[in-house]
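Because the structure is a prediction, the values reported are computed rather than measured. Counting starts at 1 for both ligands and their atoms, in listed order. Computed from heavy atoms alone, side chains included, the values below leave out hydrogens, waters and symmetry copies.
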Amino acid sequence: MRPDSNRPGSFGRKELVMAKNRWFASLGSRSRHEELEPDDYGCEQEDPGEDSASGEENAETDELDQPEPCKELADGAKAGGLVTEQGTEGESRSLQVPEDQGLVWEPSAEDMIYSAFDASQPANQPVDLRGRDNELRTLLGAVLYRRNHAFIAGLRGSGKTSLLRVFGHLADRDGVVVVNTSCAKDTQFGALFRELLEQIPYSCVDPDKADLFESRVEAFGRDGTPLQAVTIAAMVEYSQVVMVIDEFDRVQCEEARADIAATLKLISDRRLPVRMVLAGDEASFVDIIDSHPSLLRHVTQVLTKPLEESAILSLFDICSSRSGISFSDEAKDLLVRTAMGSPYHARLFGMNAAIVAAGRGSKVVSEKDAYTGLAHSYQEWASINPDDATVFRRIVDGWHGNPARFVELSKALVSPKGSMSDALENAVPELRDREVTEELDAFGGALVHTKEGAVFRDGTAPQFLVALQAIGREHTRRKYASEEADV
Ligand SMILES: Nc1ncnc2c1ncn2[C@@H]1O[C@H](COP(=O)(O)OP(=O)(O)OP(=O)(O)O)[C@@H](O)[C@H]1O
Ligand SMILES: [Mg+2]
């Protein structure tokens with residue numbers, strides 16, 4: 001993988017100071033989210049609560065590999081400075097124009113928080129990947145030294161692509177050629193492999209055979225077979241090549257899946273200096289192994305399990321140091337519990353909570369901000385997934401009895417195996433040994449049933465159910481609190 005060119009940050013010291021001043025000015029302005037009406041489950045934004053943590057407290061980061069310029073900018077951000085960073089894909093955060101003309105566009109406080117929390121893009125640098133040292137070590141060891149293929153399996157948003165990207169950077173640094181592609185629903189084997197072969201530099205093949213290599217790649221078309229693909233890959237002599245295939249679970253064509261599995265096997269049997277690393281859900285890993293059971297020996301499975309609490313806290317710390325917004329202990333506690341180990345949800349919930357805090361002019365996210373941030377996150381999700389949102393609202397409203405049962409069940413489904421049987425064993429002892437059909441029925445179409453058990457149709461959904469329940473509980477708590485006050 002060619003590391004993305006790290007463009008130098010386009011802000012100099014002067015711009016940093018200007019941005020810092022704008023940041024302080026914008027803290028007082030109303031945020032987009034503040035203008036949203038909280039729904040029934042939302043929390044009214046009350047007077048700013050006590051800020052129980054300072055920005056400095058959270059500034060420390062446990063860096064795996066933090067480039068120097070990043071540290072310098074983090075200091076700027078700590079002081080309320082600009083949220084940008086050299087060495088990441090943050091180049092779009094600034095527009096550089098001649099000094100005397102000023103900036104034609106200024107990032108708002110919200111923009112800065114968005115880019116610090118970066119919930120919509122995979123992590124790219126080792127420093128951004130928290131709590132995955134073991135997985136990274138396993139992946140590097142398996143692929144570069146044990147010469148195995150690898151399959152990264154995990155739930156949506158658990159960090160598969162992020163792990164792939166950081167792995168790619170580190171492998172590239174080790175002199176390995178990494179080529180990438182990603183699958184779609186209609187992916188066919190020929191087109192997929194052609195894309196990978198085209199990225200292999202000629203320097204990997206014997207110079208006398210470079211023309212032959214080129215012509216073979218050009219001739220490899222939509223109807224290319226695994227055997228032809230491997231014959232071309234066999235021309236690689238002078239480098240180790242790693243072929244990365246992301247989103248493998250999206251491939252619907254069974255023949256394409258089977259061809260990819262066959263290619264893995266052929267590559268291993270021929271001892272080629274070529275390895276493949278795939279990412280997808282656990283069911284698609286099982287699929288690959290089913291079609292070639294002997295692949296179990298050649299493919300190392302790396303699971304992106306829910307992150308440990310300490311990793312999520314460390315993720316908040318790095319986002320805090322970049323945005324200048326820190327979290328009170330109570331807010332962290334609530335967000336960590338609701339994210340349930342998912343880095344995507346942690347970033348999303350943290351981001352929305354930070355925007356609420358900034359909107360009321362604070363640099364510390366209080367527990368109330370965190371509840372409101374969860375409500376906004378839920379609203380955003382519900383607007384794009386109204387069907388599952390309706391199911392969840394009914395559950396939390398008690399249509400099917402005590403909502404806690406359903407929340408526990410959905411937590412179980414997020415557990416490492418992601419499958420009903422093991423998950424229930426581990427996480428919900430009270431549901432063990434009895435039928436959970438009733439609970440499953442209540443989820444309606446939000447759950448789909450696979451060979452391995454039930455999984456959420458939208459893999460990001462369970463955290464939103466937990467968020468909804470947390471907001472609802474808070475809503476109820478407040479309701480009763482005010483009733484008590486009336487008495
Ligand atoms: N270990 C981690 N530490 C911090 N942030 C992470 C980590 N892993 C992932 N993230 C963040 O979580 C979000 C989701 O990550 P990513 O896109 O890699 O997940 P994914 O499993 O590939 O998701 P999908 O299944 O939707 O493709 C991104 O914002 C990414 O930056
Ligand atoms: Mg991904």
(request) Compute the shortest N/O to N/O distance between Arg132 and ligand 1 and return yes if it is under 3.5 Å, no if not. (result) no
(message) When you measure from the Mg ion (ligand 2) to the N, O or S atoms of Ser162, does any of those distances fall below 2.8 Å?
(response) no
(message) Tell me the nearest of Gly159, Ser182, Ala119 to atom 19 (O) of ligand 1, using heavy-atom distances.
(response) Gly159
(request) Can you pull out the closest protein heavy atom to atom 11 (C) of ligand 1? Residue, atom name and distance to 0.1 Å, please. (result) Arg347 NE, 3.4 Å
(request) Kindly indicate whether a cation-pi arrangement holds for Arg156 with Tyr344, taking the cut-offs as under 6.0 Å to the six-membered ring centre and within 45° of the axis. (result) no
(request) May I ask you to say whether Arg132 pairs ionically with Glu135, meaning some side-chain N is under 4.0 Å from a carboxylate O? (result) yes
(request) Return the orientation label for the Phe327 and Phe117 ring planes: parallel under 30°, perpendicular over 60°, tilted otherwise. (result) perpendicular
(request) Could you pull out, from Gly157, Ser162, Ser120, the option with a heavy atom nearest to atom 9 (C) of ligand 1? (result) Ser162
(message) I'd like to check which ligand 1 atoms, numbered from 1 as shown, lie under 4.0 Å from a non-hydrogen atom of Leu155.
(response) 21 (O)
(message) Is there a side chain to side chain contact (heavy atoms under 4.5 Å, CB included) between Asp172 and His169? Walk through the geometry before answering.
(response) CA-CA 5 Å; Asp172 184 276; His169 282 306; 5.7 Å; no
(request) Report yes or no: does Ser162 contribute a side-chain atom to a donor-acceptor pair with the main-chain N or O of Ala123 at less than 3.5 Å? (result) yes
(message) Suppose we measure from atom 20 (P) of ligand 1 to each protein heavy atom; which comes out shortest, and what is that distance?
(response) Lys160 N, 3.5 Å
(request) Answer side chain, backbone, both or neither: which part of Glu247 comes under 4.0 Å from ligand 1, heavy atoms only. (result) side chain
(message) Quick check: Phe443 with Phe456 (ring centres under 6.0 Å apart)?
(response) yes
(message) Looking only at distances, can you tell me whether any N or O atom of Ala123, backbone or side chain, sits closer than 3.5 Å to an N or O atom of ligand 1?
(response) yes
(request) Could you find the nearest protein heavy atom to atom 6 (C) of ligand 1 and give me its residue, atom name and distance? (result) Pro343 CB, 3.3 Å
(message) I need the contact type for Asp118 against ligand 1. Using non-hydrogen atoms and a strict under-4.0 Å cut-off, is it side chain, backbone, both or neither?
(response) backbone
(message) Suppose we measure from atom 31 (O) of ligand 1 to each protein heavy atom; which comes out shortest, and what is that distance?
(response) Gln121 O, 2.9 Å
(message) Nearest 0.5 angstrom please: Met351 CE to His345 NE2, how far?
(response) 12.0 Å
(request) Mind checking whether Leu315 contacts ligand 1 via backbone (N, CA, C, O), side chain (CB onward), both or neither, at a 4.0 Å heavy-atom cut-off? (result) side chain
(request) Measure Leu163 to ligand 1 on non-hydrogen atoms and call it side chain, backbone, both or neither using the 4.0 Å cut-off. (result) neither
(request) Test Ser268 against His149 for side chain to side chain contact (heavy atoms under 4.5 Å, CB included), laying out the working first. (result) CA-CA 8 Å; Ser268 293; His149 303 294; 3.0 Å; yes
(request) Verify whether one side chain among Asp369 and Ser366 offers a donor that lies under 3.5 Å from an acceptor in the other. (result) yes
(request) Have a look at Arg130, Glu135, Arg156 and point out the one with the heavy atom closest to atom 24 (P) of ligand 1. (result) Arg156
(request) Going by heavy-atom distance to atom 12 (O) of ligand 1, choose the closest among Phe117, Tyr344, Phe316. (result) Tyr344
(request) Report the part of Asp128 in contact with ligand 1, treating N, CA, C, O as backbone and CB onward as side chain, heavy atoms under 4.0 Å; options are side chain, backbone, both, neither. (result) backbone
(request) Assess the side chains of Asp111 and Ser108: does a donor N or O sit below 3.5 Å from an acceptor N or O? (result) yes
(message) Can you confirm whether more than 12 heavy atoms, excluding those of Glu198, are under 6.0 Å from its CD atom?
(response) yes
